[in-house]
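Chain A is the first sequence line, chain B the second, and so forth, proteins listed ahead of strands; every chain is numbered from 1. Bear in mind that the values here come from a model prediction, so they are computed numbers and not experimental data.
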Amino acid sequence: MNQRRQLDASKRLRKMHEDLLRAYGPQHWWPAKTPFEVILGAYLTQNTAWKAVERSLENLRLAGALTPEGLRRIPLAKLRRLIRPSGFIMRKAPALKAFVALLYKEFGGSLEAMAAMPTAALRQRLLELPGVGDETADAILLYALGHAVPVADEYLRRIAERHGLVVLPAGRAKISYDDLADLTRRAFAGDAEESRAQLFNEFHALTVAVGKAHCGRAARCEGCPLAADLKSNS
DNA sequence: CGCCAGGCCGTGT
DNA sequence: ACACGGCATGGC
C-alpha cells in the first residue's frame with residue numbers, strides 16, 4: 001500500500017524530470033569547473049545565494065586558493081575575508097580548512113585518491129567533517145567525485161510537497177532527506193547504471209533551475225512548468 | 001527596510 | 001525523532 005504509493009511517487013519524480021528537461025533543456029552543471037572548485041562551491045552555497053558564492057570564488061581565484069595546495073597555504077583569517085560575500089564565515093572557513101586537512105592527511109592531497117574510495121564509506125567520511133551534512137556530502141560525491149548518488153535539496157522537498165508528488169510516511173510530519181533521496185534513486189532505477197550519475201546530475205540541476213525561478217520559500221508557483229501537476233495530482 | 005538564499009549544528013521537547 | 005533558532009553577508 002505504502003509501497004505502491006512510493007512507486008507512484010518515483011514515477012512522478014521521473015515525469016517531473018522529463019517535464020523539466022523539456023522546459024529548460026540539459027543543464028550540464030558544474031563539470032566545466034575543476035572538482036575542487038565544485039567542492040568549495042558546495043560548502044559556500046549552504047543557505048546562500050549562488051551570486052554571492054561566485055564572488056567568493058573569484059576572490060579565492062585571485063588569491064590563488066582554488067587548489068588544494070593554495071587553500072592549504074592560506075591563513076584562516078585571510079580565508080575568512082575572501083569568502084565573506086557568502087556569509088557564515090566563522091563556520092565555513094574552518095570547515096574548508098578541515099576538508100583540505102583530511103584530503104592531505106588521508107589521501108595525500110589527491111581528489112582522485114579520495115574519489116577511489118567506495119561510495120558508502122566515503123560518504124560516511126565526508127559526513128564526519130564539520131559543516132558537511134547530507135546534501136553537501138552528496139553534492140561533493142556526485143559533482144566533484146563522480147559517484148552516482150542523488151542530491152535532495154530544499155527545492156526538491158518544496159516541489160515534492162507542493163505538487164503532491166510524495167506521500168508522507170505514516171507517523172512522519174515531513175519527508176526526510178533520506179526518503180527523498182531514496183525516491184530519486186527509484187525514479188531512475190530503470191535506467192542503465194552507466195548513465196545513473198549523469199541522470200542524478202541533470203535531475204538536481206533541473207530541480208534548482210525550476211526552484212530558483214518558481215519555488216522559493218515564499219514563492220507562488222506561477223509560471224512553473226510543473227504547474228499542471230498541481231491539479232492532476234491533487 | 002525586510003525577506004531570503006542550492007544547509008548545518010546545537011539545544012530543547 | 002522533530003522543531004527551532006543562530007549562524008554572516010549581500011541581492012533584490
Side-chain angles (χ1 to χ4, degrees), chain A residues 13 16-17 20 24 27-33 35 37-60 76-99 102 123-145 149-162 168-182 184 200-222 224 226:
Chain A
L13 287 184
M16 168 184 152
H17 181 252
L20 291 177
Y24 293 98
Q27 304 293 299
H28 40 74
W29 230 30
W30 268 351
K33 302 175 179 178
E37 185 171 347
V38 170
I39 290 167
L40 299 183
Y43 275 91
L44 295 176
T45 195
Q46 290 169 6
N47 198 47
T48 302
W50 185 254
K51 188 76 177 176
V53 176
E54 286 181 324
R55 271 199 266 106
S56 292
L57 290 176
E58 175 64 9
N59 289 343
L60 291 169
L76 182 60
K78 184 172 183 182
L79 178 57
R80 284 200 290 264
R81 186 161 50 76
L82 294 173
I83 68 171
R84 184 192 306 273
S86 38
F88 303 100
I89 59 178
M90 301 306 285
R91 292 171 178 273
K92 287 177 179 176
L96 291 176
K97 281 293 192 182
F99 178 87
L102 173 71
R123 186 174 197 274
Q124 188 53 46
R125 209 38 149 186
L126 292 172
L127 286 174
E128 289 168 4
L129 286 168
V132 177
D134 290 317
E135 188 189 337
T136 303
D138 288 334
I140 290 173
L141 282 167
L142 177 63
Y143 289 100
L145 303 179
V149 298
V151 178
D153 70 339
E154 186 60 22
Y155 284 137
L156 180 58
R157 184 195 318 285
R158 281 192 208 122
I159 292 168
E161 289 180 356
R162 289 178 187 177
L168 295 177
R172 293 290 175 99
K174 54 191 328 183
I175 187 86
S176 72
Y177 184 95
D178 287 336
D179 285 341
L180 263 182
D182 282 340
T184 303
F200 289 147
N201 181 324
E202 276 298 326
F203 179 71
H204 180 238
L206 287 165
T207 298
V208 172
V210 70
K212 278 183 176 176
H214 304 288
C215 220
R217 279 178 197 166
R220 309 279 310 277
C221 298
E222 295 168 11
C224 175
L226 300 171

Query raised in the report: Got a donor-acceptor contact below 3.5 angstrom from the Arg123(A) side chain to the Asp138(A) backbone?
Result: no

Requested in this report: Kindly indicate whether the side chain of Leu127(A), heavy atoms from C-beta on, has any atom under 4.5 Å from the side chain of Thr136(A).
Outcome: no

Query raised in the report: Base, sugar-phosphate, or nothing for Leu156(A), non-hydrogen atoms under 4.0 angstrom?
Result: nothing

Requested in this report: Write down the distance between CG (Leu96(A)) and P (dC8(B)), rounded to a whole number of angstrom.
Outcome: 13 Å

Report task. Would you mind classifying the nucleic acid contact of Ala95(A) as base, sugar-phosphate or nothing, using non-hydrogen atoms under 4.0 angstrom? Result -> nothing

Query raised in the report: Atom CZ of Arg91(A) and atom P of dC7(C): how far apart are they, to the nearest Å?
Result: 8 Å

**Report entry** Donor on one side chain, acceptor on other, Lys92(A) and Ser56(A), under 3.5 Å
**Finding:** no

**Report entry** Distance (rounded to the nearest 0.5 Å) between Arg217(A) CZ and Glu154(A) CD
**Finding:** 7.5 Å

Query - dC4(C) and dG6(B), which share atom name P, separated by this distance in whole Å - result: 23 Å

Query raised in the report: Which sits closer to the 5' end of DNA chain B, Gly131(A) or Val208(A), going by the nucleotide each is nearest to?
Result: Val208(A)

Requested in this report: Just call it for Lys92(A): base, sugar-phosphate, or nothing, with non-hydrogen atoms closer than 4.0 Å on any strand.
Outcome: nothing

Query raised in the report: To the nearest Å, how far apart are Trp50(A) CH2 and dA5(B) C1'?
Result: 13 Å

Query raised in the report: Within the stacking criterion (centroid distance below 5.5 Å, interplanar angle below 30°), does Tyr155(A) stack on dG6(B)?
Result: no

Query - Leu76(A) CG to Ile89(A) CD1 distance, which is reported to the nearest 0.5 Å - result: 9.5 Å

**Report entry** Sidechain-backbone polar pair: Tyr155(A) side chain, Val210(A) backbone, donor-acceptor under 3.5 Å
**Finding:** no

Query raised in the report: When Leu57(A) is tested against each of Ile83(A), Leu40(A), Leu82(A) for side-chain contact (heavy atoms from CB on, under 4.5 Å), which residue passes?
Result: Leu40(A)

Query raised in the report: Which distance, rounded to the nearest 0.5 Å, do you find between the CG of Asp179(A) and the CZ of Arg157(A)?
Result: 10.0 Å

Query raised in the report: Parallel under 30°, tilted from 30 to 60°, perpendicular over 60°: which one fits the rings of Trp50(A) and Trp30(A)?
Result: tilted

Query raised in the report: Less than 4.0 Å between a side-chain N and a carboxylate O, is that true for Glu58(A) and Arg55(A)?
Result: no

Query - Atom-to-atom span, CD1 of Ile175(A) to P of dA1(C) - whole angstrom - result: 15 Å

Requested in this report: Measure from CZ on Arg55(A) to P on dT9(C) and round the result to the nearest Å.
Outcome: 13 Å

Report task. Select one nucleotide: of dC8(B), dG6(B), dC7(C), the one nearest the side-chain heavy atoms of Asn47(A). Result -> dC7(C)

Taking only nitrogen or oxygen atoms into account, show me every contact under 3.5 Å that the protein makes with nucleotides 10-13 of chain B, one pair per line with its distance.
none

Query - P atoms of dC1(B) and dA8(C), separation to the nearest Å - result: 23 Å

Requested in this report: Starting at atom CD1 of Ile159(A), determine the distance to atom P of dG6(B), rounded to an integer number of angstrom.
Outcome: 12 Å

Requested in this report: Give the rounded distance in Å between these two atoms: NZ of Lys33(A) and P of dG6(B).
Outcome: 14 Å

Requested in this report: Determine whether Leu129(A) and Tyr43(A) make a side-chain contact, defined as any pair of heavy atoms from C-beta on separated by less than 4.5 Å.
Outcome: yes

Query raised in the report: Touch check for Val53(A), heavy atoms < 4.0 angstrom, all strands: base, sugar-phosphate only, or nothing?
Result: nothing

Query raised in the report: Once you round it to whole Å, what is the distance between C1' of dT9(C) and CE of Met90(A)?
Result: 14 Å

Query raised in the report: Taking for each residue the nucleotide of DNA chain B with the nearest heavy atom, is it Thr45(A) or Leu129(A) whose nucleotide lies nearer the 5' end?
Result: Thr45(A)

**Report entry** Stretch residues 136-143 of chain A: residues that reach within less than 4.0 Å of DNA chain C through a heavy atom
**Finding:** none

Requested in this report: Output the residues of residues 77-89 of chain A in contact with DNA chain C, where contact means a heavy atom of the residue under 4.0 Å from an atom of the strand; sort by number or write none.
Outcome: Arg84(A), Pro85(A), Gly87(A), Phe88(A), Ile89(A)

Query raised in the report: Counting N and O atoms only, with roles assigned by atom type, does the side chain of Thr207(A) sit under 3.5 Å from a partner on the main chain of Leu156(A), one being a donor and the other an acceptor?
Result: no

**Report entry** Backbone of Val208(A) reached by a side-chain donor or acceptor of Gln27(A) within 3.5 Å
**Finding:** no

